[in-house]
Amino acid sequence: MERNIFEKILGQESLFIDRRAFDHAFEPDKLPHRGGEVDALVRNLVDALNGHIPSNMLLYGVPGSGKTVVTRYVLSQLLDKGEELGEPVFSYEINCRNIDTKYRVVQNIASQLSQRGDAPIPFTGWPTDRVLDTLVKRMDREGGVHIIVLDEIDNLVARAGDGILYNLTNLNTILKSSRCCIIGISNDLHFTQHLGPRVSSRLSQEDLVFHPYGAAQIQDILEDRAKTGLRQNSIGNGVIELCSALAASEHGDARRALDLLRISVQKADQEGHELVSPPHVRLAQSQLEYDQVTPVLRTLPLHQKLVLFSIKLNEENGLRNISTGEVFRTYSDACLKISVEPLTPRRISSLLNELDTLGLIMARNVSKGRGGRSKQVNSAVPRGIDVISTLSDSEALVAQASEEKYALQSRL
DNA sequence: TGTCCACTGGAAGGGAGGGCTT
DNA sequence: AAGCCCTCCCTTCCAGTGGACA
């Protein structure tokens, strides 16, 4: 009889003991090389246990420099201690990449505070002030200290302005039987420039900068995780060093290093090797690039696809550093070919900025004197990924285009 | 030194879509 | 059903800009 198709893999020996050690959300027992940052947070947040209001804080640092993990680590201990001392502490972690409007932020926190019998707050429909009102009532009902962590706060400010931060930093003047503290986490050191002076001074009462990890520090982190998550003696010479060096060369991102090591181990597992070696890391590196980019390419909205397609098409024809105007002309032609109404040049300019933020293109502003000021655009998709076929082969593009046409026709 | 180009990017607002309240 | 509210995607308008060139 045929064996079950899962049996072969299930029975296979793996180099992993605990895969979770490589999760981004994994909370290790100790945080190497972040003692100073932990201390700074603890010194401030201890006020929550003394009946005072902790200062609002802003944590800065490049991605993967430990901001989020340090905050979680400190907060989980704070919550435990609060419970022990009978000083209730509540914490809310909001990722402002997804939750990026005033309404959604307030709705999210208030919903986390809902009890049985509370009316659910819809994800749209209520006036924001009403949601804010509900939040204040619920916070006061619970009492204690409420710590609101706004991860990627720069994204929230870019999308929704600083109005929400004004409301949140103002909460303590409205709250009667509870207190509130904001911790903002940002990748962008200069994001407070986009804040009004009142919000800025209230929010950044204490700033903390997380410096990128160096290769040696990343190495320590990887060694710790390998001890927890992998079988003994499963890592070959130079593997951890290579992972650390690759991640350190990309602005010291510890998450990237963990991903690299995890995928390297998977590769060794797949090949049935007992030992992970540097070639596995190289394989992991290219897979990581591929895995990061292709889903983004596939899920781009139609017009962004067409813009990127136009840039790539120019590059295939040997044209690099093309201007916004050139992109727009190629893009308009592409639209014509698939009978889609092109967007305006102004919109294309914004789409170029969005593609730049996504890291799919490199755009920089240049002035050519009488030739005018414009962007100089190049694709930034790693080599080895065939953008044009990923974008144009996909039936999705055709489907998207006809959907667009249908929507247009039904409007006319 | 002023002009001019080809844009940039902020601001305001339209309109469709999803949802709540009365 | 009508009146609101919020979000998203987009357009329109326009002041501002860096630097080559006359």
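A, B, ... follow the sequence lines: proteins, then strands. Residue 1 opens every chain.
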Full working for side-chain contact (heavy atoms from CB on, under 4.5 Å) between Lys81(A) and Leu49(A):
CA-CA 8 Å; Lys81(A) 199 70 192 169; Leu49(A) 304 173; 3.7 Å; yes
Over all heavy atoms of both residues, which pair between Thr173(A) and Asn170(A) is shortest? Give the atoms and the distance, please.
OG1-O, 2.6 Å
Answer yes if the side chains of Glu142(A) and Gln115(A) hold a donor-acceptor pair under 3.5 Å, and no otherwise.
yes
Under the salt bridge (Lys or Arg N to Asp or Glu O under 4.0 Å) rule, collect the residues that match up with Glu271(A), sequence neighbours excluded.
none
How many Å lie between CZ on Arg364(A) and C1' on dC7(B), as a whole number?
16 Å
Across all chains, not counting sequence neighbours, the ring pair (Phe, Tyr, Trp, His ring centres under 6.0 Å) partners of Phe22(A) are Phe16(A)
Looking at dG9(B), I'd like to know if its phosphate oxygens (OP1 or OP2) sit under 4.0 Å from a side-chain N or O belonging to Asn365(A).
yes
Any chance the side chains of Asn378(A) and Asn321(A) put a donor and an acceptor closer than 3.5 Å?
yes
Taking every heavy atom of Asp154(A) against every heavy atom of Ser186(A), the minimum-distance pair comes out as CG-OG, 3.5 Å
A correct 5'-to-3' footprint of nucleotides 17-22 of chain B, with B, S and - meaning base, sugar-phosphate only and no protein heavy atom under 4.0 Å, is -BBSS-
What distance separates Glu316(A) CD from Ile311(A) CD1, expressed to the nearest 0.5 Å?
13.0 Å
Of residues 320-327 of chain A, the positions that come close to DNA chain B - non-hydrogen atoms, cut-off under 4.0 Å
Ser323(A), Thr324(A), Gly325(A)
Sequence neighbours excluded, the answer for side-chain contact (heavy atoms from CB on, under 4.5 Å) partners of Pro345(A) is Phe328(A)
Contacts under 3.5 Å, N or O only, protein and nucleotides 18-20 of chain C:
from: dG18(C); atom 1: N2; to: Ser367(A); atom 2: OG; distance (Å): 3.4
from: dG18(C); atom 1: N2; to: Gly369(A); atom 2: O; distance (Å): 3.0
from: dG18(C); atom 1: N3; to: Ser367(A); atom 2: OG; distance (Å): 2.8
from: dG19(C); atom 1: O4'; to: Ser367(A); atom 2: OG; distance (Å): 3.1
from: dG19(C); atom 1: N2; to: Gly369(A); atom 2: O; distance (Å): 2.9

Arg256(A)-Gln292(A) side chain donor-acceptor pair, cut-off 3.5 Å:
yes
Counterpart residues, ring pair (Phe, Tyr, Trp, His ring centres under 6.0 Å), relative to Phe90(A) (two or more places apart)
His146(A)
Ring pair (Phe, Tyr, Trp, His ring centres under 6.0 Å) partners of His273(A), counting only residues at least two apart
His280(A)
Could you go step by step and tell me if Asn314(A) and Thr330(A) meet the side chain to side chain donor-acceptor pair (under 3.5 Å) rule?
CA-CA 8 Å; Asn314(A) 275 291; Thr330(A) 316; 3.1 Å; yes
Taking CG from Leu302(A) and P from dC8(C), how many angstroms apart are they, rounded to a whole number?
20 Å
Less than 3.5 Å apart, any donor N or O on the side chain of Arg72(A) or Thr68(A) sitting next to an acceptor on the other?
no
Mind listing the residues from residues 346-361 of chain A sitting with a heavy atom below 4.0 Å of DNA chain C? Number order is fine.
Arg346(A), Arg347(A)
Taken to the nearest whole Å, CD/Glu341(A) to C1'/dT11(C) is 12 Å
Taking salt bridge (Lys or Arg N to Asp or Glu O under 4.0 Å) as the definition, give me every residue that meets it alongside Lys312(A), ordered by chain and number, with sequence neighbours left out.
Glu315(A)
May I ask you to list the residues of residues 95-104 of chain A, by number, that have any heavy atom positioned under 4.0 Å from an atom of DNA chain C?
Thr101(A), Tyr103(A), Arg104(A)
Protein-nucleotide distance (Leu306(A), atom CG; dC10(C), atom P), rounded to Å:
12 Å
Take atom CD1 of Ile164(A) and atom P of dC6(C), then tell me their distance rounded to the nearest Å.
12 Å
Suppose the criterion is salt bridge (Lys or Arg N to Asp or Glu O under 4.0 Å): which pairs have a residue in residues 355-368 of chain A, not counting sequence neighbours?
none
